[in-house]
Amino acid sequence: MTDLVAVARSLFAEGKGILAADESVHSAVARLADFGIATGPEMRRQFRDLFLNTPGIEQYLSGVILFSETLLEKGNDKKFFPKSLLARGIAPGVKVDLGTEPISASPEELITQGLLDLPERLAEYKKQGAIFTKWRAVIRIDGDTLPSPSALHENAKRLASYAKEVQSAGLVPILEPEVLMEGKHSRARARAVIEETMQTVFSVLEEHSVDRASIIVKTSMALSGRESRKRDTPEEVAEETVAALLASVPRQVAGIAFLSGGQTPEQATANLSAITKRAREAGAPWPLTFSYARALQEEALMIWKGNEENVPAARAAFRARLTAVSAALAE
Ligand code: 13P
């Protein structure tokens with residue numbers, strides 16, 4: 001039987017983190033379009049190849065979260081992506097939620113879909129090489145009114161059911177209740193919502209008897225809302241983020257990974273560095289790492305523009321960002 005705790009812990013190997021390359025077809029198309037890159041299945045495959053086949057990434061990455069489509073695709077080297085990652089010591093994971101939809105009783109809030117046929121899909125993903133999984137819930141802040149207690153509770157229930165299914169399928173679950181940066185809220189409000197979200201998630205996990213030791217928590221940082229126009233210093237972000245997590249995440253979890261959530265690559269790096277330092281000072285019990293999508297890929301996409309001749313320069317930018325983010329873990 002797979003030692004799930006060992007697999008989960010291995011994703012927190014020293015100086016290494018996780019690349020979230022799991023944009024759904026819809027998100028990948030939008031992301032490529034943002035950079036003026038043509039879309040379509042072959043361009044998406046090239047997009048994945050750009051990052052997953054950058055030489056040397058195994059120095060910085062313990063795992064990569066893939067979208068289900070990528071599990072079945074081959075890189076330009078004609079090797080299946082999951083197999084080729086594994087051969088380089090990088091664990092392949094997969095996003096298993098099927099995206100969000102508005103909650104009928106509170107249409108400004110979202111609930112994540114994908115539980116119905118989850119056991120069947122997990123069996124397939126496992127056969128295709130996945131060893132860990134991710135489920136993203138989306139929590140929206142609006143002043144003091146959102147998130148509503150029922151949206152928090154329903155999202156937490158689904159995260160717990162997901163975690164239970166994934167563990168019984170012999171895979172590691174990453175639980176990602178993302179508290180969005182969008183809004184005018186203060187950093188203190190973001191901190192309170194992260195804390196309340198995690199407390200709700202862990203109380204529901206307890207009710208469902210989910211094993212905490214083999215789960216990974218993926219979280220936002222406590223930042224002032226994007227529309228608040230407040231610029232937080234890395235130390236301010238670190239102070240609030242670490243305080244929120246210490247107050248809500250049990251010591252037994254395998255570790256905590258941060259998402260970048262629309263921060264610039266520089267911000268996501270500086271904030272991670274300050275968080276690592278603050279967590280160490282505060283004696284935080286869990287290992288920490290990054291699990292970024294946008295902050296790791298943005299600079300490379302800007303250079304690549306979908307052109308073959310730009311691949312070496314784009315990969316150099318990706319490697320440079322990986323080097324900086326990995327160094328941030330050593331603060
Ligand atoms: P970002 O780092 O771009 O927020 O993406 C992380 C992720 O996995 C979102 O689900």
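We count ligands from 1, going down the list as the structure has it; atoms in each ligand are counted the same way. Numbering of residues begins at 1 and proceeds along the displayed sequence.
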Margin query: For atom 4 (O) of ligand 1, what's the nearest protein heavy-atom neighbour? Residue, atom name and distance, please.
Written below: Gly261 N, 2.6 Å
Notebook entry, point to check: Counting only heavy atoms not in Lys230, do more than 12 sit closer than 6.0 Å to its NZ atom?
Noted result: yes
Check: With no hydrogens and no angle check, do the side chains of Arg321 and Thr269 hold a donor and an acceptor under 3.5 Å apart?
Finding: yes
Margin query: Nearest 0.5 Å, please: how far is CG in Leu171 from CG in Leu4?
Written below: 7.5 Å
Next item on the list: Determine the sole option in Tyr60, Phe51, Tyr292 for which the ring-ring contact (aromatic ring centres under 6.0 Å, His included) test with Phe318 is passed.
Entry: Phe51
Margin query: I'd like to check which ligand 1 atoms, numbered from 1 as shown, lie under 4.0 Å from a non-hydrogen atom of Tyr292.
Written below: 2 (O)
Next item on the list: Among all protein heavy atoms, pick out the one at the shortest distance from atom 3 (O) of ligand 1; state its residue, atom name and that distance to 0.1 Å.
Entry: Arg294 NE, 2.6 Å
Notebook entry, point to check: For Glu206, does the CD atom have more than 12 heavy-atom neighbours from other residues, nucleotides or ligands under 6.0 Å away?
Noted result: no
Check: So which heavy atom in the protein is nearest atom 1 (P) of ligand 1, and how far is it from that ligand atom?
Finding: Ser260 OG, 3.3 Å
Check: Considering only protein heavy atoms, which is closest to atom 9 (C) of ligand 1, and at what distance to one decimal place?
Finding: Glu176 OE2, 3.3 Å
Next item on the list: Number the atoms of ligand 1 from 1 as they appear, then name those within less than 4.0 Å of a heavy atom of Ala20, with their elements.
Entry: 8 (O)
Item checked: Any Ala295 heavy atom less than 4.0 Å to ligand 1 -> no
Check: Going by distance alone, is a donor N or O of one side chain under 3.5 Å from an acceptor N or O of the other, for Thr276 and Arg280?
Finding: no
Next item on the list: Tell me which part of Lys134 gets within contact of ligand 1: side chain, backbone, both or neither, using heavy atoms under 4.0 Å.
Entry: side chain
Check: Among side-chain atoms of Asn76 and Arg45, is any donor-acceptor pair under 3.5 angstrom?
Finding: yes
Notebook entry, point to check: Looking at ligand 1, does Lys218 have a heavy atom less than 4.0 Å from it?
Noted result: yes
Item checked: Part of Ser291 with heavy atoms under 4.0 Å of ligand 1, whether side chain, backbone, both or neither -> backbone
Check: Nearest protein heavy-atom contact for atom 5 (O) of ligand 1: which residue, which atom, what distance?
Finding: Ala293 CB, 3.2 Å
Item checked: Full working for side-chain contact (heavy atoms from CB on, under 4.5 Å) between Phe35 and Arg31 -> CA-CA 7 Å; Phe35 292 90; Arg31 188 70 41 84; 4.1 Å; yes
